[in-house]
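One structure is given below, encoded as structure tokens.
Order of the sequence lines sets the chain letters (A, B, ...), proteins ahead of strands, with each chain counted from 1.
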There are 2 protein chains.
Amino acid sequence: MGRPRGFDEEVVTAAAAELFAGRAYDGVSVDDLVQQLGVHRNSLYKTFGSKRGLYLAALRWHLDHRLPPLTEQLAAGAEVADDPALDLLLLAAVERAPRDVEVAALVTKAWQELDQALQRAPANHTDGTRSTALNALLGERLRARATAATTDPS
Amino acid sequence: MGRPRGFDEEVVTAAAAELFAGRAYDGVSVDDLVQQLGVHRNSLYKTFGSKRGLYLAALRWHLDHRLPPLTEQLAAGAEVADDPALDLLLLAAVERAPRDVEVAALVTKAWQELDQALQRAPANHTDGTRSTALNALLGERLRARATAATTDPS
DNA sequence: AACGGTCAAGAACGATCGTTCCTTTTCTTG
DNA sequence: CAAGAAAAGGAACGATCGTTCTTGACCGTT
């Protein structure tokens, strides 16, 4: 069946997720992806179809593999505002969701899961119907990210 | 002293702020700005120096003119999550501040003001040292924006 | 060992990016 | 009413964007 591919699709997807978590979608070029992921253009387009396809795959992977452990921490009452695991979701929500229906759907689904995890958190049992706990968490991470990342080399 | 300029600098700055509130910085091209603001390229570059200069001017204008009325509403205990007045600040915080020190400084200043306004809000007098009220507000607007703007023609 | 299909390597595509230059028009000023 | 300065108009710059094409190397199959 021809030559086998020389890269692990999941590893590449995870690396792409990390890149997209650092800068905005338009701020990550295909050249950046090719260089950082170590995968040739052709292979990226053959595997993911387009830059958007790779982005969606990365977002889905992130939601499937990075969010579950986070929800566990949240349900256990841990503090996670320093964890950059929410960054890709933040960027997706703010700058992609308004322009991409699929991204919006994924973001909404992620929030439902995070919300449920926070409902189970010990500190928030008294919370009402509104998910203010998640809102506060998102805001907290938003501020941490904006103020801290000014000088870091990502 | 030559021909007077045919546009109001403040009007243009406000319009630019609205554009940058809708899409990410890299998603707004100079062509978009020229077309939407009705000002010629040369005039934009003469007045603001660069695209980033116009962005910074727009952000500053937004912080000076759109945020004060918002802080008043907040201090009065009003609900403002449906108000898109926070959108430019959200985008600036998430995608520009990590890459631009001046943006980060402006965003930090804006948060200080919003925070103080919320400390004065009647519903949040019991709040502790942490500014969870502002965090919750930011998260709330974040979610509202992501879920609502999927089909709107901005 | 020869085939056939997949991958890797890299050049190249048109389009668009932010920015600059040149020319023409319009206004203020003496 | 000239003279000069600044704005408008628009083409053009090199660089980079996402995407595709062409060529040759590789490997599983018969």
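Phosphate contact (OP1/OP2 of dC17(D), side-chain N/O of S29(A), threshold under 4.0 Å): present.
Residues passing the salt bridge (Lys or Arg N to Asp or Glu O under 4.0 Å) test with D83(A), sequence neighbours excluded: none. For the side chain to side chain donor-acceptor pair (under 3.5 Å) test, residues two or more places apart in sequence or in another chain that qualify with R41(B) are D31(B).
When the nearest nucleotides of DNA chain C are assigned to D31(B) and F7(A) by heavy-atom distance, the more 5′-ward of the two goes with F7(A).
Within the structure, every pair that satisfies the ring-ring contact (aromatic ring centres under 6.0 Å, His included) test and touches residues 64-117 of chain A, not counting sequence neighbours, is listed here: W61(A)-H65(A).
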Discussion item. Reading 5' to 3' and counting Watson-Crick or G-U wobble pairs with both distances under 3.5 Å, write the dot-bracket notation for DNA chain D, | for bases paired outside the strand.
Written reply: |||||||||||||||||||||||||.||||
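At least one test fails for K51(A) against the ring of Y45(A): distance under 6.0 Å to the centre or angle within 45° of the axis.
T13(B) places a side-chain heavy atom less than 4.5 Å from the side chain of E9(B). By the 4.5 Å heavy-atom criterion applied to side chains, L19(A) and L33(A) are counted as neighbours. Using a 4.5 Å heavy-atom threshold, the side chains of L67(B) and H62(B) count as touching. Side chains of E95(A) and R145(B) form no contact here, defined as non-hydrogen atoms less than 4.5 Å apart. In this structure the side chain of L86(A) reaches within 4.5 angstrom of the side chain of L89(A), judged on heavy atoms.
Rounded to whole Å, atom P of dC17(D) lies 11 Å from atom CG of D26(A). The separation between R3(B) atom CZ and dT26(C) atom P is 7 Å, rounded to whole Å.
A salt bridge links D32(B) with R23(B): at least one charged nitrogen is closer than 4.0 Å to a carboxylate oxygen.
Listed by residue number, the members of residues 46-60 of chain B with any heavy atom below 4.0 angstrom from DNA chain D are K46(B). Residues from residues 32-45 of chain A placing a heavy atom under 4.0 Å of any atom in DNA chain D, listed by number, are R41(A), N42(A), Y45(A).
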